[in-house]
**Student:** 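The following block contains the structure, expressed as structure tokens.
A quick note: this is a predicted structure, and the numbers were derived from the prediction, not measured. Values below: every heavy atom of this structure, side chains too, minus hydrogens, waters and symmetry copies. For this chain, numbers begin at 1 and follow the sequence in order.
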Amino acid sequence: PLLRLGRNVTLIESLSGSWEEPLPLGAYRVETSGNEVYMAEHVILTVPLSVLQHGLVEFRPNLPEWKVEEINKMDIGIYGKVVLAFRRRLWGDKQFYMYISNRRGYMVPWINLDYVLDIKKDEDTHLLAVILTEEEAERVESQPIEETKLEVIHVLADMFPGFQPEDLIDIAVTDWSQHPFFLGSYSNTPVGLSVNNLRNIRMPIARLHFAGEATSEKYNGYLQGAYETGIQAAEEVLGCLCVSMMKSCASSPEPLPYLDSSSACHKPRKRKKHTQQATYGDL
């Protein structure tokens, strides 16, 4: 099959012993946790930066020092949700609600998903979600769901005087911070870094290409950024395949001030502009 799912890549190896020298075709070895081995002429790496920062994918030899430094400069944000299903609607018709307590940042913003999904008041199931960020998100995502349910019931009783525990029929909690394939929700550029950092993260090393929201200049942190940089990386590979099979893709041993797409064998063809922007809530 052309697309193989459910493979956990654990090793990417350059058989030449270097990442930055021109490589012969078929010079990459990719290994999975199931001991499957794939030989490749090109590799497109789209894993979250947090996975790279935690060393969950081994590179042999190690990636160049400048690339590792650029990756480790970035922060990883955590943006979680608790989605709740009810037998009846206890709230009004507004889209957002706020919960204020003595505890800073504790279950503050709530979203009326009935409003978002156009669920009518006389329907059998009604949806409400609370947004959690950073330490609160990590705490809730790491604890048993029954503990989260008890917390939510206490908050709902404060917010809606008519609430009864039996009104709550189901609960779902995100696990971005705990899932080994993510370890966070999105990349975040710390104060003091510039767009050059994103460009250097995305810069190919020979035929090892990088994509994902953390490499996007325009939509950093957004789903749209992952989508568009994936297209760009695919175009780089297609461009390399169009040149003589004896040539290697251009690369530089030092980070450039910016990545010019034409450096990866050819200038990518123009694409239709995508105007719909995803939000953090879509991640």
**Student:** Given Arg29, which of Glu41, Glu13, Glu36 fulfils the salt bridge (Lys or Arg N to Asp or Glu O under 4.0 Å) condition?
**Tutor:** Glu13
**Student:** My understanding is that only residues two or more places apart in sequence, or in another chain, count here; which of them pass salt bridge (charged side-chain N to carboxylate O under 4.0 Å, His left out) with Glu147?
**Tutor:** none
**Student:** Give a yes or no on whether Asn72 atom CG has more than 12 heavy-atom contacts from other residues, nucleotides or ligands under 6.0 Å away.
**Tutor:** yes
**Student:** Which heavy atom in Gln53 sits nearest to a heavy atom in Ile76, and how many Å separate them?
**Tutor:** OE1-CG1, 3.5 Å
**Student:** Yes or no on salt bridge (charged side-chain N to carboxylate O under 4.0 Å, His left out) for Glu70 and Arg202, after CA distance, side-chain angles and deciding distance?
**Tutor:** CA-CA 10 Å; Glu70 297 289 357; Arg202 206 186 87 72; over 6 Å; no
**Student:** Below 6.0 angstrom between ring centroids: does that apply to Trp91 and Phe86?
**Tutor:** yes
**Student:** Is Tyr28 linked to Leu52 within one hydrophobic cluster, defined over Ile, Leu, Val, Met, Phe, Trp and Tyr using a side-chain heavy-atom separation of less than 4.5 Å?
**Tutor:** yes
**Student:** Could you tell me whether the side chain of His126 and the main chain of Asp114 form a donor-acceptor pair under 3.5 Å?
**Tutor:** no
**Student:** Taking only Lys NZ, Arg NE, NH1 and NH2, and the carboxylate oxygens of Asp or Glu, determine whether Arg139 and Glu136 approach each other closer than 4.0 Å.
**Tutor:** yes
**Student:** In plain terms, say whether Glu123 and Lys120 are close enough for a salt bridge, that is, a side-chain N and a carboxylate O under 4.0 Å apart.
**Tutor:** no
**Student:** Apply side-chain contact (heavy atoms from CB on, under 4.5 Å) to residues Ser187 and Glu213 and explain how you reach the verdict.
**Tutor:** CA-CA 7 Å; Ser187 66; Glu213 54 82 18; 2.8 Å; yes
**Student:** List the residues meeting salt bridge (charged side-chain N to carboxylate O under 4.0 Å, His left out) with Arg104, not counting sequence neighbours, and say none if there are none.
**Tutor:** none
**Student:** Once the angle between the rings of Tyr222 and Tyr219 is folded into 0 to 90°, is it parallel (under 30°), tilted (30 to 60°) or perpendicular (over 60°)?
**Tutor:** perpendicular
**Student:** Sub-3.5 Å donor-acceptor pair from the side chain of Glu31 to the main-chain atoms of Val37, do we have one?
**Tutor:** no
